[in-house]
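Here is the structure we will look at.
Here is the naming used below: chain letters follow the sequence lines, and residue numbers restart at 1 for every chain. Being a predicted model, the structure only gives us computed values, none of them experimental.
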Protein chains: 2
Amino acid sequence: MKRNKEETKDKIIDAVGRLLAEGGFRKLGVNAVAREADVDKVLIYRYFGGMPELLRAFGVSGDFWPTFEELTGGDLEGLRRKPLPQAASTVLHNFARALRSRPLTSEILAWETVERNELTEVLEKVREDSAVRLLEELSPVAEESGVDIAAITALLGAAIMYLVVRSRHVKVFNAVDIGSEDGWLRLEAAMTAICEACIGE
Amino acid sequence: MKRNKEETKDKIIDAVGRLLAEGGFRKLGVNAVAREADVDKVLIYRYFGGMPELLRAFGVSGDFWPTFEELTGGDLEGLRRKPLPQAASTVLHNFARALRSRPLTSEILAWETVERNELTEVLEKVREDSAVRLLEELSPVAEESGVDIAAITALLGAAIMYLVVRSRHVKVFNAVDIGSEDGWLRLEAAMTAICEACIGE
DNA sequence: AAGAGTAGTCACCAAAGGGTGACATGTCAA
DNA sequence: TTGACATGTCACCCTTTGGTGACTACTCTT
């Protein structure tokens, strides 16, 4: 048997990702990970300390949350020049697409509603930072326009998260086909309509 | 020991509710329920068949989903007379309040995102019926007004579910305090604004 | 009052989970 | 080449879980 600590650690972390992707958190445990990684479970304790720490290591090992660039479309200046409604709407579209392209993130998001653990904490932290930065960069404008921008974007952001999570198992929600591109186009259009009608002032 | 089958069955079902309320689904199992109900677990198999069937029995034993009356405020006619935006907004407010007053439902809703089981199926069925009926009763109007009412209400409904579920563990979302009445008033106001600005035509 | 059938008890099983101590073997420096 | 240490293996432990067979004892009918 070849021996290589770092390689083994990677094998273990990869196994976490695979298990998470295919079966969610329920099947995740020391034994299962060891089996999947084809590694003795004692190594998980030796290298990481235990399951919580392994989860944390997994959490920082991948890009589970959309980057700032991804949300802004990589063009912050261009976005700033747009009227706020369009800018907001663009960010929301990007957000939805970014989440939909990250099955592992959906899984974590789902689990987050049920139980908090080291992994969900990592994700939560990254997310908060991202949200705060976005708000700061993008809406120094319009604090006193009478519309509660935070509340509106909270609603739309929450909706996106829920629908992405839900679409993993169920394909229709309130007569909208959240399992298809078409359905999401409808949702994007609705978000745009809401932004333009409500955020403008 | 007094002997009474029906009473024992009730004790078991009550235990499910208590376990669910305090610890969610993770702690739910034959052994745990038997322990909590202070009953031998073999009775669970004898009386219900097993955990899935017990969950189903639990599911039909309580009012886990807002009734039609609760959503409409008990006054369908009055609601029908209102303009659609106001009506929609009222229903959404009622929906949010109804969910928030049902901790067990939040728990089931949360679990639903992670795994489907007999309980979530029961809830899902009731919910579908409710949603369909609402749509039929309330918006025979305005099919071709250019706005995608289904998409908009899908977004707002999804947002409510997510925020209710999330507020069990985390108290702030996107700078909105979803743990307090005030926060929810802000959200309700935002929903009203959205309905009035977007559904009107 | 007696017996039948049911409600409840007890003891057990196999499987799976988390966790650990002791051993074997590969790797690398002296 | 020889050790020393780090890497990997193996064999256990205990607890919990789902699930079942066999027994006891209550209740109700006749």
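A salt bridge is defined here as a Lys NZ or Arg NE, NH1 or NH2 lying under 4.0 Å from an Asp or Glu carboxylate O, and A:E181 with A:R100 meets this definition. B:R18 and B:E22 are not joined by a salt bridge, as no carboxylate oxygen comes within less than 4.0 angstrom of a charged side-chain nitrogen. Ionic pairing of A:E107 and A:R168 is present here: one or more N-O contacts between side-chain nitrogen and carboxylate oxygen are shorter than 4.0 angstrom. No salt bridge links A:E121 with A:R116; every basic N to acidic carboxylate O contact stays at or beyond 4.0 Å.
For A:E77, the side-chain hydrogen bond (donor to acceptor under 3.5 Å, both in side chains) partners at least two apart in sequence or on another chain are A:R80.
Contact annotation: B:T8 side-chain N/O to C:dG8 OP1/OP2 distance is under 4.0 Å.
One interatomic measurement links the two molecules: CG of B:N4 to C1' of D:dC26, which rounds to 12 Å at whole-angstrom precision. One atom, CG of A:L43, and another, P of C:dA24, lie 18 Å apart when rounded to the nearest Å. Atom C1' of nucleotide D:dC28 and atom NZ of B:K2 are separated by 16 Å, given to the nearest angstrom. Going from atom CD of A:E6 over to atom C1' of D:dG8 covers 15 Å, rounded to whole Å. Between the P atom of D:dC28 and the NZ atom of B:K5 lies a distance of 14 Å, rounded to the nearest Å. D:dT16 atom C1' lies 15 Å from atom NZ of B:K27, rounded to whole Å. In this structure, B:I44 atom CD1 and C:dG8 atom P are separated by 13 Å, rounded to whole Å.
Interface residues of residues 110-122 of chain A facing DNA chain D, ordered by number: none; criterion, heavy-atom separation under 4.0 Å.
Closest of all the heavy-atom pairs between A:E53 and A:F48 is CB-O, 3.0 Å.
With a 6.0 Å cutoff to the six-membered ring centre and a 45° limit on the axis angle, A:R102 does not count as a cation-pi contact of A:F64.
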Could you list, one pair per line, each protein nitrogen or oxygen that sits under 3.5 Å from a nitrogen or oxygen of nucleotides 18-22 of chain D, together with the distance?
unit_1: D:dG18; atom_1: OP2; unit_2: B:V30; atom_2: N; d: 3.2
unit_1: D:dG18; atom_1: OP2; unit_2: B:N31; atom_2: N; d: 3.1
unit_1: D:dG18; atom_1: OP2; unit_2: B:N31; atom_2: ND2; d: 2.8
unit_1: D:dG18; atom_1: N7; unit_2: B:N31; atom_2: ND2; d: 3.4
unit_1: D:dG18; atom_1: N7; unit_2: B:K41; atom_2: NZ; d: 3.0
unit_1: D:dG19; atom_1: OP2; unit_2: B:Y45; atom_2: OH; d: 2.9
unit_1: D:dG19; atom_1: O5'; unit_2: B:Y45; atom_2: OH; d: 3.4
unit_1: D:dG19; atom_1: N7; unit_2: B:K41; atom_2: NZ; d: 2.8
unit_1: D:dG19; atom_1: O6; unit_2: B:K41; atom_2: NZ; d: 2.7

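Counted by atom type alone, A:T153 and B:N174 present one or more donor-acceptor pairs between their side chains at under 3.5 Å.
The number of heavy atoms from other shown groups lying within 6.0 Å of NZ (B:K171) is above 12.
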